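Values in this document were obtained by computation on a predicted structure and should not be read as measured data. Positions are given from 1, in the same order as the sequence printed here.
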Amino acid sequence: MAACYQKFDPAAYLQYNYTPPRADFARKDSIVPWKLACLHRAFTEGDVSGELLVDIGSGPTLYQVMSGCEVFNKLILTDFLEVNRQELRCWLQNEGGCSLDWTPYLEHVCKLEGKRPSAWKEKAGRLRHVISDILPVDVHCSQPLAPETLPLAGADCLVSCFCLESVSPDLPAFTRALGHIGKLLRPGGHLLLIGALGESYYFGGPGVRIPVVPLNEAQVCDSLKESGYTLIRLEVYTLPQDMQVGVDDVTGVFFAKAKKE
């Protein structure tokens, strides 16, 4: 799997998945607004709390922590690839040259939170303030992060979006990876997991075809249970025809909110 990612192109990946039609904030049935609504709801229900949020397999994206940064005072981003970590550092340092303008995302999350869209600058400032590190991660290691990276008790919450199924050769490896990242989470802590359903590949750049474990809802639920999580809620999004834009064969997306036993 590591070899598959050597030619991963963050700019192309962002263009494929994080621009219209998949990121059309004027459409209620667009995939990105759906994901942002799921995350906003999960972070504002009152049961997800604490000091430290860790994002597992951030890729070159930031949308998945825009609601969480209001709840947690410390946030760690992680990815296996240095090119993705560099893309994140580019935004964090606010020096320009990023592959995607995250302003529409920040504006949309502000609206979800009942704020004016113009509050996006404050949200961007808050996000930059709470991100304490951008670290290498390997979900196939029994300890995915370097020792002593996290407090002894573990993180209070994990987020992981389109990572585990995209880096696992098969379903058992996906389940093991869920268990590995669970070691980073304190007992009673929450996992917010977003992933692809029915997907066997996606393009990580021009001609860079990356295999994916095709999951169904039952497999997601079983893997979570086997890995020591209690499922709180599973939501499913089915892709409209015009969201199937030729960069993958995904049929749907799941959002799972779970708690470590």
Side-chain angles (χ1 to χ4, degrees), residues 1-27 30-36 39 53-69 75-110 117 120-137 159-167 194-196 199 201-210 212 239 243-248 250 253:
M1 290 303 299
C4 292
Y5 276 90
Q6 291 315 302
K7 294 181 179 179
F8 186 89
D9 180 342
Y13 173 79
L14 290 167
Q15 183 65 35
Y16 296 159
N17 294 286
Y18 294 97
T19 61
R22 291 188 168 182
D24 186 342
F25 295 106
R27 283 180 57 176
S30 185
I31 184 171
V32 165
W34 181 85
K35 290 186 289 184
L36 290 172
L39 289 162
L53 171 64
V54 179
D55 182 27
I56 301 295
S58 306
T61 67
L62 289 157
Y63 71 91
Q64 64 275 20
V65 292
M66 288 179 181
S67 290
C69 77
L75 171 54
I76 294 174
L77 305 177
T78 71
D79 201 72
F80 182 76
L81 295 176
E82 170 59 22
V83 288
N84 284 337
R85 298 195 299 270
Q86 184 54 42
E87 179 71 31
L88 297 171
R89 283 193 290 266
C90 178
W91 184 86
L92 188 62
Q93 291 156 10
N94 200 19
E95 295 171 354
C98 293
S99 299
L100 189 72
D101 178 9
W102 291 103
T103 305
Y105 287 73
L106 292 160
E107 290 176 336
H108 187 76
V109 176
C110 284
W120 73 267
K121 288 184 179 178
E122 287 83 357
K123 178 169 280 293
R126 168 71 183 174
L127 188 52
R128 288 188 171 100
H129 175 71
V130 300
I131 294 173
S132 63
D133 226 331
I134 301 170
L135 300 175
V137 68
V159 176
S160 188
C161 299
F162 301 104
C163 172
L164 305 187
E165 75 279 8
S166 302
V167 299
I194 293 179
E199 183 178 47
Y201 75 91
Y202 77 98
F203 283 104
V208 183
R209 186 180 169 114
I210 297 175
V212 180
L239 258 74
M243 298 283 162
Q244 297 169 6
V245 292
V247 297
D248 51 44
V250 65
V253 177

[atom1]-[atom2] distance between [X] and [Y], expressed to the nearest 0.5 angstrom:
| X | Y | atom1 | atom2 | result |
| --- | --- | --- | --- | --- |
| L127 | M66 | CG | CE | 6.5 Å |
| D133 | L92 | CG | CG | 9.5 Å |
| L53 | Q64 | CG | CD | 9.5 Å |
| L62 | Y18 | CG | OH | 10.5 Å |
| D248 | R22 | CG | CZ | 4.0 Å |
| L135 | R85 | CG | CZ | 8.5 Å |

Is there a side-chain contact between [X] and [Y], using heavy atoms and a 4.5 Å cut-off?
| X | Y | answer |
| --- | --- | --- |
| T61 | W102 | yes |
| W34 | V253 | yes |
| I134 | D79 | no |
| V212 | F162 | no |
| E87 | C98 | yes |
| N84 | S58 | no |

Original post:
Parallel, tilted or perpendicular for F8 and Y202, by the 30°/60° rule?
Top reply: perpendicular

**OP:** Report the relative orientation of the aromatic rings in F25 and Y105; use parallel for angles under 30°, tilted for 30 to 60°, perpendicular for over 60°.
**Re:** perpendicular

Please report the closest heavy-atom contact between [X] and [Y], naming both atoms and the distance.
| X | Y | result |
| --- | --- | --- |
| D55 | T78 | O-OG1, 2.7 Å |
| S99 | A11 | OG-CB, 3.6 Å |
| L36 | H108 | CD1-CD2, 3.7 Å |
| G57 | V137 | N-CG1, 4.2 Å |
| D9 | G205 | CB-CA, 4.0 Å |
| V250 | A196 | CG2-CB, 3.8 Å |

**OP:** Salt-bridge test for R89 and E82: reply yes if a basic N is under 4.0 Å from a carboxylate O, no otherwise.
**Re:** yes

**OP:** For the pair R126 (side chain) and C69 (backbone), establish whether a donor and an acceptor sit closer than 3.5 Å, ignoring hydrogens and angles.
**Re:** yes

